[in-house]
Amino acid sequence: MAVLLLAEVVNGQLALDAVSKSVSAVASLGDVHVLVAGQGGDAAAAEAATLAGVSKVLFAGDHGFCHTLAEPVAALIVSLSGGYSHIAAAATSDAKNVLPRVAALLDVMILSDVTAVIDADTFERPIYAGNAIQTVKSSDSIKVFTIRTTSFEAAAGGNSAPVEALGTAAETGKSEWIEDKVAASDRPELTSAGIVVSGGRGVGSEESFALIEGLADKLGAAVGASRAAVDSGYAPNDWQVGQTGKVVAPQLYVAVGISGAIQHLAGMKDSKIIVAINKDEEAPIFQVADFGLVADLFDAVPELTSKL
Amino acid sequence: MKVLVPVKRVIDYNVKVRVKADGTGVDLANVKMSMNPFDEIAVEEAIRLKEAGKAEEIVVVSIGVKQAQETLRTALAMGADRAILVTAADDVHTDIEPLAVAKILAKVVEEEQPGLVLCGKQAIDNDMNATGQMLAALLGWSQATFASKVEIDGGAAVVTREVDGGLQTIKSALPAVISVDLRLNEPRYASLPNIMKAKKKPLDEKTAADYGVDVSPRLAIVKTSEPAVRQAGIKVGSVDELVSKLKEVGAI
Ligand SMILES: Cc1cc2nc3c(=O)[nH]c(=O)nc-3n(C[C@H](O)[C@H](O)[C@H](O)COP(=O)(O)OP(=O)(O)OC[C@H]3O[C@@H](n4cnc5c(N)ncnc54)[C@H](O)[C@@H]3O)c2cc1C
Ligand SMILES: Cc1cc2nc3c(=O)[nH]c(=O)nc-3n(C[C@H](O)[C@H](O)[C@H](O)COP(=O)(O)OP(=O)(O)OC[C@H]3O[C@@H](n4cnc5c(N)ncnc54)[C@H](O)[C@@H]3O)c2cc1C
């Protein structure tokens, strides 16, 4: 029994939080082989080899695997699938794009957002925006799944697994990468940050979002947003937390001007401490908040920022 | 070009989900059901392509229980031309897995020969986020998932995708499967006259067996449980109190 784990690589760098947590999620299932795909991924492959529990790293350095385009990367994984009982990856947008394609090519089901590995065939996953947890047992010969990394601890470093270069050339022609619009930021990454400060529609404008960012910077936090804030253009799409955005579980989550719709709660209710600042004392967000402050955010946020 | 839009009937997104006491699933009897919100966006996008002269015909298809007919009528009222209902289950609690749905859709594609399939990125009940990708795989087509902008340009679709880092633009050769995200458009409401007209639009009824697809599940549901509930917290009276509480619990 061995597991093929597709590594998340961003601009040639290993997404250490996502990969190390997925390694520990699958550790009980057998030998773990990590696949790094994409030209320029040498350093990412070397870094993956340091993770405890990894027995081998496969590095496919063909240019055609860059940007994790679904068609060539899925074909690559299928070509390697022979020796594996499980194929997995952290539930990133790349993995959600690629792994269902892999599963269908192998004629097996996909399991998305696994939060617990019970045994080789049995997994837990949230459904209905996290309002129910389902335990499912797969009868497929190969299990293909994505992992909700907030449910797992990171694997330690200090390993030196061998890295094996694959000469596989990417099949091309179906889709072509044109551009990425990615805002560079010095803030911690949203899904792995220890503190997240999120703003909602109550923030009112893109300019006022600076209040949220100011508080976040004071706390060394990542910035998040509700869908309403993103739809209204106050915040970029990659800040969205929720059922259709990112799932976060920081030590501290501060929700400002967010009502607490179930779709938003789906992305943050496993945070350790939740703080809500909202002027409506009936807002549902207070039902999940450890500390609720009924106040106008335009008074409370500047005051809080200055007192930290 | 013909556009095929798969639409799923799901629990309405405003309904509070209740897990059945015996742990066999979620209670769906007598709750409000609607079209999956992502699929409304896919239907809307298809209609806009037709209005822009880039598509000639919009065919909507739903796979599930016979009540999915209502969902198809909604899509027809929005502006789709024709519908196909594939009955694959009798009990409203039976969810057909994405792999089986994709297999049926692949057969529909073989028959209908669309140039584009527009589907939702995920269904809000099972949250699998898989059907479009699986369909593209079975057809050997290109895929562009999580679309927030779609431009059809000759033999290709230029698609802006919402990804973890921000936005990514790719160009996918047609025919392709595009899965849509929430910010692609705002779906229209069906007007009353259009709801009336939709009743006369053609709706073909098929079964999974007509397509020779085995819909037996690959995943057995062992149990369905309530998530852990959070302990209700406290309200603080001032920013100062908030700061001292956060220090007390070591959060800052
Ligand atoms: C899995 C993986 C994903 C990566 N994703 C990105 C990414 O999203 N954005 C990014 O800037 N770098 C990415 N990189 C890093 C990338 O491979 C190169 O290290 C980097 O682009 C160097 O580019 P260059 O223009 O300096 O040099 P060169 O490598 O000589 O590039 C020359 C040209 O080739 C094209 N090119 C090179 N690398 C890539 C690539 N990965 N994808 C598409 N076109 C490329 C570009 O048009 C570039 O201008 C990724 C690396 C890996 C391993
Ligand atoms: C299929 C689907 C998927 C979805 N996915 C997501 C998702 O991933 N993430 C997500 O967040 N949402 C998602 N939503 C949307 C969700 O249902 C809500 O509409 C959204 O979360 C509301 O955002 P909000 O709380 O910012 O806005 P609102 O609900 O409008 O709440 C604004 C809050 O701000 C407060 N407020 C206003 N002014 C002030 C002030 N001056 N000071 C203090 N408080 C103030 C108000 O009291 C109110 O509680 C989804 C919806 C659907 C249908």
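Reminder, nothing fancy here: chain letters follow the sequence lines and each chain counts from 1. Note that the structure is predicted; figures quoted are calculated from it, not measured.
A 4.5 Å side-chain heavy-atom check between Ile170(B) and Ile178(A) finds every atom pair outside the cut-off. Proximity of Leu293(A) to Glu241(B): side-chain heavy atoms (C-beta onward) are nowhere separated by under 4.5 Å. For the pair Leu111(A)/Leu219(B), a side-chain contact is recorded, criterion being any heavy-atom separation below 4.5 Å from C-beta on. For the pair Gln134(A) and Val26(B), the minimum side-chain heavy-atom distance is 4.5 Å or more. The side-chain heavy atoms of Glu179(A) and Gln168(B), taken from C-beta on, include no pair separated by under 4.5 Å. Using a 4.5 Å heavy-atom cutoff, the side chains of Val222(B) and Val136(A) are not in contact. Between Leu167(B) and Asp180(A), the closest side-chain pair of non-hydrogen atoms is not below 4.5 Å. Side-chain atoms of Pro98(B) and Met109(A), non-hydrogen and from C-beta on, do get closer than 4.5 Å to each other.
Asp290(A) contributes no side-chain N or O that, together with a main-chain N or O of Gly233(B), makes up a donor-acceptor pair within less than 3.5 Å. With Arg125(A) contributing its side chain and Asn126(B) its backbone, the two residues share a donor-acceptor pair below 3.5 Å. Between the side chain of Ser93(A) and the backbone N or O of Val163(B), no donor-acceptor pair lies under 3.5 Å.
Listed options Ala70(A), Ser185(A), Ser138(A), Pro126(A) were ranked by heavy-atom pairs under 4.5 angstrom with chain B; first place goes to Ser138(A). Counting heavy-atom pairs closer than 4.5 Å to chain B, the top-ranked of the candidates Ala75(A), Ala132(A), Gly130(A) is Ala132(A). Interface summary for chain A: among Ala130(B), Gly250(B), Ala157(B), the most heavy-atom pairs under 4.5 angstrom belong to Ala130(B). Looking only at heavy-atom pairs under 4.5 Å with chain A, the residue among Ile124(B), Val243(B), Val19(B), Leu138(B) that has the most is Ile124(B). Taking Gln122(B), Lys247(B), Gln231(B) one by one and counting their heavy-atom pairs under 4.5 Å with chain A, the maximum is reached by Gln122(B). Per-residue counts of heavy-atom pairs under 4.5 Å with chain B were compared for Ser271(A), Ala103(A), Ala276(A); the largest is that of Ser271(A). Options Ala176(B), Ser225(B), Ala251(B) differ in how many heavy-atom pairs under 4.5 Å they form with chain A, and the most are formed by Ser225(B). Ranked by heavy-atom pairs shorter than 4.5 Å toward chain A, the options Thr224(B), Asn14(B), Val229(B), Val239(B) are led by Val239(B).
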Query raised in the report: Between Leu99(B) and Asp107(A), does a side-chain contact (heavy atoms from CB on, under 4.5 Å) hold up when you go through it step by step?
Result: CA-CA 8 Å; Leu99(B) 180 63; Asp107(A) 193 23; 3.7 Å; yes
Requested in this report: Applying side-chain contact (heavy atoms from CB on, under 4.5 Å), run through Val98(A) and Gln133(B) and close with a yes or a no.
Outcome: CA-CA 8 Å; Val98(A) 173; Gln133(B) 297 90 312; over 6 Å; no
Query - Criterion side-chain contact (heavy atoms from CB on, under 4.5 Å) on Ile127(A) and Asp125(B), from CA distance to verdict - result: CA-CA 6 Å; Ile127(A) 53 173; Asp125(B) 48 3; over 6 Å; no
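Interface remark: Val249(B) contributes side-chain atoms only to the contact with chain A (heavy atom separation under 4.5 Å). Neither the backbone nor the side chain of Ala74(A) has a heavy atom closer than 4.5 Å to any heavy atom of chain B. Proximity to chain B (any heavy atom under 4.5 Å) is shown, for Ile273(A), by both the backbone and the side chain. For a residue to count as touching a neighbouring chain, one of its non-hydrogen atoms must lie under 4.5 Å from one of that chain's; by this rule Glu124(A) does not touch chain B. The part of Ile11(B) that comes within reach of chain A is its side chain, from C-beta onward, which places non-hydrogen atoms under 4.5 angstrom from that chain. Of the two parts of Val159(B), neither the backbone nor the side chain holds a non-hydrogen atom closer than 4.5 Å to a non-hydrogen atom of chain A. Proximity to chain B (any heavy atom under 4.5 Å) is shown, for Ile110(A), by both the backbone and the side chain. With a 4.5 angstrom heavy-atom cutoff, Ser179(B) does not touch chain A via any of its atoms. Heavy-atom distances place the side chain of Val275(A), and not its backbone, under 4.5 Å from chain B. With a 4.5 Å cut-off on non-hydrogen atoms, Ile234(B) touches chain A through its backbone and its side chain both. Proximity to chain B is limited to the side chain of Leu219(A), based on heavy atoms less than 4.5 angstrom apart. With a threshold of 4.5 angstrom between heavy atoms, Ala295(A) does not approach chain B through any atom at all. Heavy atoms of Ile195(A) lying under 4.5 Å from chain B belong exclusively to its side chain. Only the side chain of Leu69(A) comes within less than 4.5 Å of a heavy atom of chain B; its backbone N, CA, C and O stay farther away. Using a 4.5 Å cut-off between heavy atoms, Ala102(B) does not touch chain A at all. For Leu182(B), the parts sitting under 4.5 Å from any heavy atom of chain A are the backbone and the side chain alike. Within the 4.5 angstrom heavy-atom criterion, atoms from both the backbone and the side chain of Tyr13(B) approach chain A. Lys272(A) touches chain B through its backbone: at least one of N, CA, C or O sits under 4.5 Å from a heavy atom, while the side chain does not.
Residues of residues 301-308 of chain A lying under 4.5 angstrom from chain B, judged on non-hydrogen atoms, are Glu303(A), Leu304(A), Lys307(A), Leu308(A) in numerical order.
No more than 12 heavy-atom neighbours from other residues, nucleotides or ligands sit within 6.0 angstrom of CG on Asn30(B). The local environment of NZ in Lys20(B) is crowded, with over 12 non-hydrogen atoms from other residues, nucleotides or ligands closer than 6.0 Å. By the neighbour-count criterion of 12 heavy atoms within 6.0 Å, atom CZ of Arg18(B) is sparsely surrounded, having that number or fewer from other residues, nucleotides or ligands.
When all heavy atoms of Pro227(B) and Ile133(A) are compared, the pair lying nearest together is CA-CG1, 3.9 Å.
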Donor-acceptor pairs are to be reported for all side-chain atoms of residues 240-251 of chain A against protein atoms at under 3.5 Å, with residues two or more places apart or in another chain.
from: Gln240(A); atom 1: OE1; to: Arg183(B); atom 2: NH1; distance (Å): 2.7
from: Gln240(A); atom 1: OE1; to: Arg183(B); atom 2: NH2; distance (Å): 2.7
from: Gln240(A); atom 1: NE2; to: Thr244(A); atom 2: OG1; distance (Å): 3.2
from: Gln243(A); atom 1: NE2; to: Asp127(B); atom 2: OD1; distance (Å): 2.9
from: Gln243(A); atom 1: NE2; to: Asp127(B); atom 2: OD2; distance (Å): 3.3
from: Lys246(A); atom 1: NZ; to: Asp238(A); atom 2: O; distance (Å): 2.9
from: Lys246(A); atom 1: NZ; to: Asp164(B); atom 2: O; distance (Å): 2.6

Review item, side-chain donor-acceptor pairs of residues 105-112 of chain B, under 3.5 Å, at least two apart:
from: Glu112(B); atom 1: OE1; to: Lys2(B); atom 2: NZ; distance (Å): 2.7
from: Glu112(B); atom 1: OE1; to: Arg82(B); atom 2: NH2; distance (Å): 2.6
from: Glu112(B); atom 1: OE2; to: Arg82(B); atom 2: NH1; distance (Å): 3.4

Name the atoms and distances for all side-chain donor-acceptor pairs under 3.5 Å in residues 139-148 of chain B, with sequence neighbours left out.
from: Ser142(B); atom 1: OG; to: Ala173(B); atom 2: O; distance (Å): 2.6
from: Gln143(B); atom 1: OE1; to: Arg101(A); atom 2: NH1; distance (Å): 3.0
from: Gln143(B); atom 1: NE2; to: Asn97(A); atom 2: O; distance (Å): 2.8
from: Gln143(B); atom 1: NE2; to: Asn97(A); atom 2: OD1; distance (Å): 2.8
from: Thr145(B); atom 1: OG1; to: Asn97(A); atom 2: OD1; distance (Å): 2.7
from: Thr145(B); atom 1: OG1; to: Arg161(B); atom 2: NH2; distance (Å): 2.8

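Arg230(B) and Asp270(A) are not joined by a salt bridge, as no carboxylate oxygen comes within less than 4.0 angstrom of a charged side-chain nitrogen.
A cation-pi arrangement is present between Lys235(B) and Phe286(A) under the rule of less than 6.0 angstrom and at most 45 degrees off the ring axis.
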